[in-house]
> 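Below you'll find the structure I mean.
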Amino acid sequence: MREMIATRDAYGKALVALGEREPRVVVLDGDLSSSTKTGMFAKRFPDRFFNMGIAEQNLMGTAAGLAAAGKIPYASTFAIFASGRAWEQVRQSIAYAELNVKIVATHSGVTVGEDGGSHQSVEDISLMRSIPGMTVIVPADAVETEKVIMEIARHKGPMFVRLGRTKVPVVFENGCDFAIGRASTIAEGTDVAIIAAGVMTAKAVDAGAKLSAMGIHARIINMSTIKPIDEAAIVHAAEQTGALVTAEEHSIIGGLGSAVAEVVVKNCPVPVEFVGIRDTFGTSGSSEELLEYFGLTASHIMASAERAIKRKKQG
Amino acid sequence: MKAVALDESRSPDTTQQTLTVDRRLEQKATAIRIDIVKMLNFARSGHTGGSLSCVEILVELFYEQMRHDPGNPALPSRDRFILSKGHAAPALYAVLADAGYFDKKELLTLRKLGTVLQGHPDSKKTRGIEVSTGSLGQGLSMGVGMALGLRIDRLDSRVYVLLGDGELQEGQVWEAAMSSAHYGLDNICAIVDRNGLQIDGAVEDIMNIEPLPDKWKGFGWNVITVDGHSFPSLRSAFRVARSVQGKPTVIIAKSLKGKGVSLFENKVHYHGVPPTDEELKIALEELTSCGR
């Protein structure tokens, strides 16, 4: 049984470690510091933490100003507010000026659970990915989250990191060497490639193990950087397997699947099957129930892999 | 280049000296207005009224109030200026060019493809521009972030944010106002260019913002109302603002949209319309006669 840790918990811990190392790091939150876990940083570095209240537009603008004053702001709130409520502030105040703000959004996707559709962002990757120059990162587990939080401080420019509320399995028990813009191959395979991000990476690993038992050899790719996406990894996977599946806890409109498809149709057209949320809002329920309800499971990935392989053979 | 001195560092003004300073600044304002109407006419688009209404505010700030160095725009101890009402960019560009941030020849490239002088301020392209604005309501929030950053670094620099009065209809301005007072940011000074007009008509008809001083007071600000075209009034307001501790100050600068050219004064039409060739001729005649 793999250890279960929420990526937001890993964020809170990493932020404190980063704060010790990098004095320019400041943190902003919008009355959600106990949920986003920035409260850990606030406790350790009260003079470098700013609670901006329930006012996300001003939160993003203030983060922009701090960046313009030479700080490295980490701006946190729920994904729906960071990407939706404050979208135009992220665009105009932060991204248009290429300011060095790290937006770390928690409570993304349907695994928010019981709070329901109003709070479940299924559009945030799409919204952030469309802003010119914005880097978008979706870590798979707690280990990768820690790496991401430390690494992004070393690179200038606006970035959006998507984290979750619920506990998720640790995929990278033996560590991972995260680099912005580089996919990591978790398992080799030549029959089909499953490209996943966030909570779906663990599901993809499970699907890969079960497919392997059935004699189907799936390559499992963790695409934690959605933008800039690792084109070479996608092209190699398409050329070497001829069939792709994408898996994301996000709308299939504009998210990881779309980003992969954009590369595939231009370079190496092969069948692609999309596992994701199909043009609908979330709803209340437990996070595990919702993953099942929206078809975000290992068995859905397996069925999609079989469909992609079948389409490849028909082609 | 020599940094512009803070007015505190000057010897106390005698009446004679003050008159000389004001006369010099008035001439400067007229020269800036001439640049603005020329630029806008040449660009064939842009915002005439709101550029002309804030000229004295900009001139007083850049020539009398702010510590800055056109030779070193990144000077850590500089005072910061944010043009939240970004559509008044021509006025700011004219001042920056005159102060020496870039060659005055650039002014006639305003809004043209490849220019460093974008339709609205772009910090990536223009020397002397601190942050990018244009979408209204966002400048004061950025000012809050800068003021917090300066406080962490124990710098005594001040942050000036120029807002339009119509812009105050944006809710984000009040989020920022609330947070400035909450954090006791006495290093922020906001200025409202209170010209009373917005694109669709009079501010009070489109969406009333009064009682404006009470609103700012209610949000915890020190409020000063002045004639936005009077250098002595503006100067004394900025001086008071600098002395107030523990809270931010807003200067409500009552102004005339299109100021300096009778044809454009207090006319809604000239909010977002440049002078035609004929109008430019009339404007230049009026401005050069008052500049003499």
Side-chain angles (χ1 to χ4, degrees), chain A residues 19 22-31 42 45-75 77 81 85-103 131-133 156-158, chain B residues 73-82 84 86 118-126 129-155 157 159 161 170-185 187-188 219:
Chain A
E22 174 52 87
R24 289 176 300 169
V25 167
V26 295
V27 177
L28 302 93
D29 205 299
D31 193 39
F45 305 103
D47 296 340
R48 287 153 61 191
F49 175 81
F50 304 103
N51 201 324
M52 301 311 292
I54 309 167
E56 295 77 14
Q57 301 176 358
N58 184 51
L59 186 158
M60 292 304 171
T62 304
L66 279 157
K71 304 297 168 197
I72 308 175
Y74 279 60
T77 178
F81 309 130
R85 183 60 161 264
W87 186 86
E88 210 243 346
Q89 283 71 20
V90 172
R91 178 188 183 275
Q92 165 80 43
S93 292
I94 297 173
Y96 185 58
E98 269 176 44
L99 287 172
N100 194 22
V101 176
K102 313 306 179 189
I103 301 161
I131 296 177
K156 263 199 165 177
Chain B
L75 182 75
S77 64
R78 73 193 183 280
D79 291 332
R80 271 67 167 177
F81 177 78
I82 298 173
S84 193
Q118 296 290 298
H120 293 81
D122 182 339
S123 60
K124 284 193 296 178
K125 293 202 164 72
T126 314
I129 299 284
E130 298 278 355
V131 288
S132 297
T133 51
S135 173
L136 293 174
Q138 304 197 20
L140 190 55
S141 297
M142 291 189 260
V144 170
M146 281 185 189
L148 289 169
L150 291 166
R151 178 187 281 183
I152 291 172
D153 291 339
R154 299 182 196 286
L155 290 167
S157 306
V159 181
V161 184
E170 290 281 6
Q172 188 188 348
V173 172
W174 301 101
E175 294 182 359
M178 202 185 297
S179 61
S180 311
H182 177 83
Y183 283 105
L185 298 174
N187 52 350
I188 289 187
F219 276 81

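Chain identifiers are assigned alphabetically (A, B, ...) following the order of the sequence lines, protein sequences preceding nucleic acid strands; residue numbering begins at 1 within each chain.
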> Taking all atoms of both residues into account, what is the closest heavy-atom pair of N58(A) and S141(B), and its distance?
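Taking N58(A) first and S141(B) second, the nearest heavy atoms are OD1-OG, 2.6 Å.
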
> Flag yes if more than 12 heavy atoms outside R91(A) fall under 6.0 Å of its CZ atom; otherwise flag no.
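Count not over threshold, so no.
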
> Looking only at heavy atoms, which two atoms of S123(B) and A97(A) are closest? And how far apart?
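Looking at all heavy atoms of both residues, the shortest contact is OG-CB, 3.5 Å.
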
> Can you tell me if R151(B) has over 12 outside heavy atoms packed within less than 6.0 Å of its CZ?
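Atom CZ in R151(B) is crowded, with more than 12 foreign heavy atoms closer than 6.0 Å.
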
> Does R85(A) have more than 12 heavy atoms from other residues, nucleotides or ligands lying within 6.0 Å of its CZ?
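No, because the 6.0 Å sphere around CZ of R85(A) holds 12 heavy atoms or fewer from other groups.
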
> Between V131(B) and chain A, with a heavy-atom cut-off of 4.5 Å, which part of the residue counts as in contact: side chain, backbone, both or neither?
side chain

> Identify the heavy atoms of A68(A) and M146(B) that sit nearest to each other, and give their distance.
CB-CE, 3.9 Å

> To the nearest 0.5 Å, how far apart are CD in Q92(A) and CG in L136(B)?
9.5 Å

> Among the options H182(B), K124(B), Q138(B), E130(B), pick out the one with the most heavy-atom pairs lying under 4.5 Å from chain A.
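Sorted descending by pairs with chain A, the first entry is Q138(B).
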
> How close do S93(A) and M142(B) get, heavy atom to heavy atom, and via which atoms?
OG-CE, 3.4 Å

> How long is the gap from CD on E175(B) to OG1 on T62(A), to the nearest 0.5 Å?
9.0 Å

> I'd like to know which of Q89(A), M60(A), M52(A), R48(A) tops the heavy-atom pair count under 4.5 Å against chain B.
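That would be Q89(A).
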
> Using the rule given for side-chain hydrogen bond (donor to acceptor under 3.5 Å, both in side chains), can you reason through E88(A) versus S135(B), listing the C-alpha separation, both sets of side-chain angles and the distance that settles it, and then say yes or no?
CA-CA 9 Å; E88(A) 210 243 346; S135(B) 173; 2.6 Å; yes

> Indicate the atoms forming the closest heavy-atom contact of I152(B) with V26(A), along with that distance.
CD1-CG1, 3.8 Å

> Please give me the minimum heavy-atom distance between F50(A) and L148(B), naming the atom from each residue.
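Minimum heavy-atom separation between F50(A) and L148(B): CE2-CD2, 3.7 Å.
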
> Between D153(B), I82(B), L150(B), who has the most heavy-atom pairs with chain A when the cutoff is under 4.5 Å?
D153(B)

> What's the separation between atom OH in Y96(A) and atom CD in Q118(B), rounded to the nearest 0.5 Å?
5.0 Å

